[in-house]
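The structure under discussion appears below in the form of structure tokens.
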Amino acid sequence: MKLYDVEISSRLLLGTAQYPSPAILADAVHASRADIVTVSLRRESGRLREGQDFWSLIRGLGVRVLPNTAGCHTAKEAITTARMAREVFGTPWIKLEVIGDSDTLQPDVFGLVDAARALASEGFEVFPYTTEDLVVAERLLEAGCKLLMPWGAPIGSGRGLNNVYGLRSLRAHFPDTPLIVDAGIGLPSHAAAAMEFGYDAVLLNTAVAKAGDPVKMAAAFAQAIEAGRTAYLAQPMEPRDMAAPSTPVFGKASLSG
């Protein structure tokens, strides 16, 4: 998988918020086999400092960091946060979030497109957290984004893939654009389903961080994503409305009286 011309071996991207301890976070990242972790400059700077510096922990994981603009509600706020993140992490990558609704945490797609265009013009490589809307997707690509990150369901809800038709349509309309399902994934089966649709990767956080055993859950997601991707490449059979016998009827013995 290539994201902005960077080769990535793992199709699981993992968030770093809400883990019980820094040690569990580190173990979960290793168990997930993720190559990329997301970090919120605004939300995480004062957390997970129980005996060790959070930034040192992240650097020690040996993974690529994808800073995000979590908690930003305007394009201006997101742009400012992205600029700060670039200084802190030394990367042009930014997961762009512009939240429009406080209850659902749905993206403000108008502010998102404006912020994406401004950041792309400054050399940022933008990972936009968006909806499955086809028109918004087109506008984001026109603004300079080279990949899209549609939500599966509201952030932290664990509801899985709420709009299967919309996600499938997005995949069909943009066959050559990297697509990453971001937010709402609650179970490994949700992640496997996204990969079976032909999505390139899955980004999740809460489903692992808030599990009874985050490390085991991280490993489960790694296996599910691999299985889903392999199934997609194997070209699954199409569903049928009627039964079809798996054993041929031709040549079957019959009794006559």
Side-chain angles (χ1 to χ4, degrees), residues 1-72 77-99 112 115-116 119-120 122-130 144-149 155-156 178-183 185 200-209 214-215 218 221-222 225:
M1 178 174 65
K2 272 192 174 182
L3 304 177
Y4 285 102
D5 296 325
V6 176
E7 292 278 358
I8 303 296
S9 61
S10 173
R11 295 177 183 270
L12 173 58
L13 289 70
L14 198 63
T16 57
Q18 306 184 67
Y19 286 83
S21 72
I24 291 176
L25 165 60
D27 289 344
V29 171
H30 292 313
S32 72
R33 304 196 295 274
D35 289 334
I36 300 171
V37 298
T38 63
V39 175
S40 169
L41 182 66
R42 293 165 57 95
R43 190 164 56 202
E44 299 297 345
S45 58
R47 294 169 61 95
L48 291 180
R49 295 179 179 271
E50 301 166 9
Q52 57 184 296
D53 181 78
F54 178 70
W55 308 126
S56 295
L57 171 66
I58 296 299
R59 286 192 293 268
L61 293 175
V63 294
R64 183 176 289 269
V65 173
L66 174 60
N68 69 39
T69 62
C72 293
E77 191 178 12
I79 291 168
T80 300
T81 302
R83 290 169 177 163
M84 293 171 60
R86 181 164 60 179
E87 293 298 318
V88 171
F89 295 104
T91 176
W93 281 15
I94 191 70
K95 180 191 170 190
L96 183 60
E97 296 183 24
V98 182
I99 301 302
L112 179 67
L119 291 172
E122 296 181 16
F124 281 90
E125 296 176 340
V126 181
F127 293 61
Y129 163 62
T130 183
C145 299
K146 294 185 179 180
L147 58 82
L148 300 169
M149 303 180 71
I155 294 172
L179 299 180
I180 302 172
V181 171
D182 176 19
I185 298 296
D200 296 280
V202 171
L203 192 158
L204 55 92
N205 186 167
T206 309
V208 170
V215 179
F221 271 104
I225 286 173

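Keep in mind that this is a model prediction, so the values were computed, not measured.
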The salt bridge (charged side-chain N to carboxylate O under 4.0 Å, His left out) partners of R64 (sequence neighbours excluded) come to none
Those residues at least two apart in sequence (or on a different chain) that pass salt bridge (charged side-chain N to carboxylate O under 4.0 Å, His left out) with D35 are none
Does [X] reach the main-chain N or O of [Y] with its side chain, forming a donor-acceptor pair under 3.5 Å?
X	Y	answer
N205	A17	yes
Y129	K95	no
Y4	V126	yes

Sequence neighbours excluded, which residues qualify as side chain to side chain contact (heavy atoms under 4.5 Å, CB included) partners of [X]?
X	answer
A222	R33
A120	none
T91	P67, F89, W93
A34	L14, S32

Closest non-hydrogen contact found for I94 with A85 is CD1-CB, 4.1 Å
Side chain to side chain donor-acceptor pair (under 3.5 Å) filter on D200, not counting sequence neighbours, yields R171
pair I180-L3: side-chain heavy atoms closer than 4.5 Å: yes
Query raised in the report: Do D182 and T130 come close enough that some side-chain heavy atom pair is under 4.5 Å?
Result: no
